[in-house]
Protein chains: 2
Amino acid sequence: MADHNRVVTNSMDAMLFLTDDQLLQGIELMYFAYKGFTSDPDLILQNYSYGRAHHRAVHFINRRKGLKVNDLLDILGITKQSLNRVLRQLIDDGLVESRVGQLDKRERNLFLTEEGKELERQLSDAQRKRMRAAYRAAGSDAVQGFRLVLEKIMDVETRNRITQDKE
Amino acid sequence: MADHNRVVTNSMDAMLFLTDDQLLQGIELMYFAYKGFTSDPDLILQNYSYGRAHHRAVHFINRRKGLKVNDLLDILGITKQSLNRVLRQLIDDGLVESRVGQLDKRERNLFLTEEGKELERQLSDAQRKRMRAAYRAAGSDAVQGFRLVLEKIMDVETRNRITQDKE
DNA sequence: TTATAAAGTCAATAATACTGACATATATTA
DNA sequence: TAATATATGTCAGTATTATTGACTTTATAA
């Protein structure tokens, strides 16, 4: 029975019928989930008088250690001037270190300091906790589906950049 | 084999092992997907000199026709003063109609005008198109998993409010 | 040497949110 | 009925995050 269902399901995929209402429900789900998803970090950031922009910078500097300012700009899709305000604060506050590039001295490689890592840990702990609970509650099959759909929702250029960066 | 795998997978769910890196990948996925998800409407809104706040208002007024101002405040989780700016514009521009409540005349029931429906259609067409493409590419099993995980990511109070509202 | 590139900065502006203080109309309660 | 509470709306001031445009400094490349 499982096998039979699987075959039927797969052959249905090509003509998956989706009402506008079902799609709108998915859209709302994204909205509400994203809201919950950002709520825990938002609370923590208040203690530092930082905002989401700081979180994003800290997150990506942690994930791609030593990345260049330009890389960060590409990832975030904001202007140099917007990033500068945030980065300036993080550097002045001693959470981020900006090292002159070894090959090209115009470049700056960004790293988290110990203090920066501590904030990152706090933020990602909260977010991971929520993700882990959701993953566990939904089950591993659901997680695969979740990841697959999210990947397809992204802009193609974004998807290519992310996946090519992965080693 | 399918049945055997299913059993193994389900029994694994309780102890689903997730590395911090896997969870961080999920977190990034949410970030990038949400970004893509809002990019199409953002372009359309520029033509109207509106922002995401207007989109959200229009979306929920369409989805819950005749909802009260207080209902909308609850859903959006913003202050009366923040909503007012947006709602004032939409009403003045003739996209939203505010009708005095029939039972309680203090209340105002919100509706989209024909013009408002036209904007809603434009915005949701773009977003539905992206969702439909993602759903089709991922397959119906994946869609189920996607929805399930998103529901679990939401705040419990949000989830209860959403699901109870559904008839 | 001149042009290009990476990073940083200053200034002005916009969208979205916030808090606090009040006003108005209507409903509910004492 | 009089006092209180509720739903909505508004004014003013402030903060965060983003924008555009103009420029500078330093370093690499043509």
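A, B, ... follow the sequence lines: proteins, then strands. Residue 1 opens every chain.
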Original post:
Hey, which of these two, B:K68 or A:V86, hits DNA chain D nearer its 5' end, going by closest nucleotide?
Top reply: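 Closer to the 5' end of DNA chain D: B:K68.
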Show me the side-chain donor-acceptor pairs of residues 145-157 of chain B shorter than 3.5 Å, one per line, residues at least two apart or across chains.
from, atom 1, to, atom 2, distance (Å)
B:R147, NH2, A:Q25, OE1, 3.0
B:D155, OD1, A:R130, NH1, 3.0
B:D155, OD1, A:R130, NH2, 2.9

Original post:
Is there a side-chain polar atom (N or O) of A:N84 under 4.0 Å from OP1 or OP2 of C:dT9?
Top reply: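 The answer is yes; a side-chain N or O of A:N84 sits under 4.0 Å from OP1 or OP2.
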**OP:** Nearest 0.5 Å please: distance from the CG atom of A:N62 over to the CG atom of A:L110.
**Re:**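 Interatomic distance, A:N62 CG to A:L110 CG, rounded to 0.5 Å: 12.5 Å.
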Can you name the side chain to side chain contact (heavy atoms under 4.5 Å, CB included) partners of [X], sequence neighbours left out?
X: B:K117; result: B:L112, B:E114, B:R121
X: B:Q22; result: B:L18, B:T19
X: B:N84; result: none

Original post:
What one-letter contact string describes nucleotides 21-30 of chain C from 5' to 3', where B marks a base within less than 4.0 Å of any protein heavy atom, S marks contact via sugar-phosphate atoms alone, and - marks no contact?
Top reply: B---BBS---
Subject >> Terminal contacting nucleotides, 5' and 3', DNA chain D versus chain A (heavy atom, 4.0 Å) >> reply: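 First-to-last contact on DNA chain D, by the 4.0 Å heavy-atom rule, is D:dT17 to D:dT28.
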Original post:
What residues form a ring pair (Phe, Tyr, Trp, His ring centres under 6.0 Å) with A:Y34, not counting sequence neighbours?
Top reply: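 Partners of A:Y34 by the ring pair (Phe, Tyr, Trp, His ring centres under 6.0 Å) criterion, ordered by chain and then number, come out as A:F37, B:Y34.
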**OP:** Return the set of residues passing ring pair (Phe, Tyr, Trp, His ring centres under 6.0 Å) with A:F32 (not counting sequence neighbours), or none when no residue passes.
**Re:**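 Testing A:F32 for ring pair (Phe, Tyr, Trp, His ring centres under 6.0 Å), a comparison that skips the adjacent residues, returns B:F60.
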When the side chains of residues 85-97 of chain B are checked against the rest of the protein, which donor-acceptor pairs come out under 3.5 Å, sequence neighbours left out?
from, atom 1, to, atom 2, distance (Å)
B:Q89, OE1, B:H54, NE2, 2.8
B:D93, OD2, B:Y50, OH, 2.4
B:E97, OE2, B:R99, NE, 3.2

Original post:
Is there a residue in residues 45-59 of chain B whose heavy atoms reach under 4.0 Å of DNA chain C, and which residues are they?
Top reply: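 B:G51, B:R52, B:A53, B:H54, B:R56, in order of number.
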Original post:
Going by number, which of residues 88-97 of chain A have a non-hydrogen atom under 4.0 Å from DNA chain D?
Top reply: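 When residues 88-97 of chain A is checked for heavy atoms under 4.0 Å from DNA chain D, there are no hits whatsoever.
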Subject >> Estimated bend of the helix from C:dT1-D:dA30 to C:dA30-D:dT1 (axis per five terminal pairs, rounded to 10 degrees) >> reply: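 Comparing the axis at each end, I get an angle of 20°.
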